[in-house]
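Working notes, beginning with the structure itself.
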Amino acid sequence: QVQLVESGGGSVQAGGTLTLSCAASLYPFSRNSVGWFRQAPGKEREGVAGLVYDGDSSFYADSVKGRFTISQDVAKKTVYLQMTSLTPEDTAIYYCASARVALAGDMFLDDFRYAYWGQGTQVTVSS
């Protein structure tokens with residue numbers, strides 16, 4: 001079973017940058033999808049970005065497009081989420097998740113498509 005561990009969360013001022021990491025304990029099947037989600041207090045979980053592991057396809061929510069970048073290091077079995085120009089609205093617990101299929105387009109943002117989840121890492125952006 002795939003186990004995912006997020007790291008890199010923390011507190012930052014508005015306009016700052018954070019990079020989250022999602023490390024897989026087992027080597028995911030080729031062409032799995034990995035997504036980043038977030039949940040703010042009192043709000044539903046929302047998809048942020050996703051990619052096809054060891055592939056070229058990726059997708060971003062409109063709210064983060066142009067500010068966040070999802071990437072991967074296959075050798076390290078790690079997926080990253082670089083977050084720039086952060087605002088207080090980005091404050092949330094961020095989760096990575098893995099789906100055992102290659103997703104496309106806005107399917108990356110559907111949490112029900114993902115079978116494995118990390119424990120989450122807190123991101124707090126102050127104004």
Side-chain angles (χ1 to χ4, degrees):
Q1 181 173 339
V2 175
Q3 292 183 330
L4 306 173
V5 178
E6 303 98 335
S7 60
S11 297
V12 65
Q13 290 191 329
T17 297
L18 279 176
T19 299
L20 306 181
S21 300
C22 174
S25 62
L26 297 175
Y27 189 77
F29 293 110
S30 179
R31 307 299 292 180
N32 275 12
S33 298
V34 179
W36 283 98
F37 293 78
R38 66 186 182 186
Q39 188 165 21
K43 294 187 177 181
E44 293 186 355
R45 184 165 58 191
E46 66 168 336
V48 174
L51 57 69
V52 174
Y53 194 82
D54 201 17
D56 298 327
S57 179
S58 63
F59 190 82
Y60 296 89
D62 288 343
S63 59
V64 306
K65 198 174 297 182
R67 299 189 300 123
F68 290 11
T69 302
I70 189 171
S71 63
Q72 60 185 309
D73 186 328
V74 175
K76 294 183 178 180
K77 295 181 288 184
T78 301
V79 174
Y80 303 97
L81 185 69
Q82 182 185 44
M83 307 183 294
T84 65
S85 302
L86 286 162
T87 73
E89 288 69 37
D90 295 315
T91 295
I93 299 175
Y94 283 71
Y95 301 89
C96 70
S98 176
R100 295 180 66 174
V101 293
L103 300 174
D106 58 6
M107 294 169 64
F108 282 111
L109 307 185
D110 295 331
D111 58 2
F112 64 86
R113 302 184 188 276
Y114 292 82
Y116 306 106
W117 291 81
Q119 82 288 351
T121 185
Q122 176 70 47
V123 171
T124 303
V125 184
S126 58
S127 58

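Positions are given from 1 along the sequence.
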- Exercise: identify the closest heavy-atom pair between Val5 and Gln119: CA-OE1, 3.8 Å

- Inter-residue atom distance Asp111.CG - Glu46.CD, 0.5 Å rounding: 11.0 Å

- Query: Under a 4.5 Å side-chain heavy-atom rule over Ile, Leu, Val, Met, Phe, Trp and Tyr, are Val101 and Leu51 clustered together?
  - Reply: no

- Answer yes if Ile70 and Val48 sit in the same cluster of Ile, Leu, Val, Met, Phe, Trp and Tyr residues linked by side chain heavy atoms under 4.5 Å apart, and no otherwise. yes

- Atom pair CZ/OG of Phe108 and Ser33 - distance to nearest 0.5 Å: 4.5 Å

- Met83 and Leu20: side-chain contact (heavy atoms from CB on, under 4.5 Å), yes or no, with the steps? CA-CA 8 Å; Met83 307 183 294; Leu20 306 181; 3.8 Å; yes

- Any donor-acceptor N/O pair, Gln39 side chain to Ala92 backbone, under 3.5 Å: no

- Message: Heavy-atom count check: over 12 atoms from other residues, nucleotides or ligands less than 6.0 Å from Gln3 CD?
- Response: no

- Would you check if the distance from the ring center of Trp117 to the ring center of Phe37 is below 6.0 Å? yes

- Note on the structure: Closest non-hydrogen contact found for Asp110 with Arg113 is OD2-NE, 2.9 Å

- Approximate separation, where rounding is to 0.5 Å, of Ser7 OG and Tyr80 OH: 8.5 Å

- CG-OG distance between Leu86 and Ser126, expressed to the nearest 0.5 angstrom: 10.5 Å

- Kindly state each residue pair satisfying side chain to side chain donor-acceptor pair (under 3.5 Å) with at least one member in residues 55-68, sequence neighbours excluded. Asp62-Lys65, Arg67-Asp90

- Query: Rounded to the nearest 0.5 Å, how far does CD of Gln82 lie from OG1 of Thr69?
  - Reply: 5.5 Å

- Message: Quick check against the 3.5 Å criterion: does Thr84 have a side-chain atom that pairs as donor or acceptor with the backbone of Thr17?
- Response: no

- When rounded to the nearest 0.5 angstrom, what distance separates CD1 in Ile93 from OG1 in Thr121? 9.0 Å

- Identify the two heavy atoms, one from Pro88 and one from Ala14, that lie closest to each other, and give their separation to 0.1 Å. CD-CB, 4.2 Å

- What one should report as the nearest heavy-atom pair of Leu18 and Val12 is CD1-CG1, 4.0 Å

- Message: Applying side-chain contact (heavy atoms from CB on, under 4.5 Å) to Leu4 and Val34, what does each step give before you reach the verdict?
- Response: CA-CA 10 Å; Leu4 306 173; Val34 179; 5.8 Å; no

- Which atom of Tyr94 lies closest to which atom of Leu81, heavy atoms considered: CD2-CD2, 4.2 Å

- Exercise: identify the closest heavy-atom pair between Val74 and Tyr53: O-OH, 3.5 Å

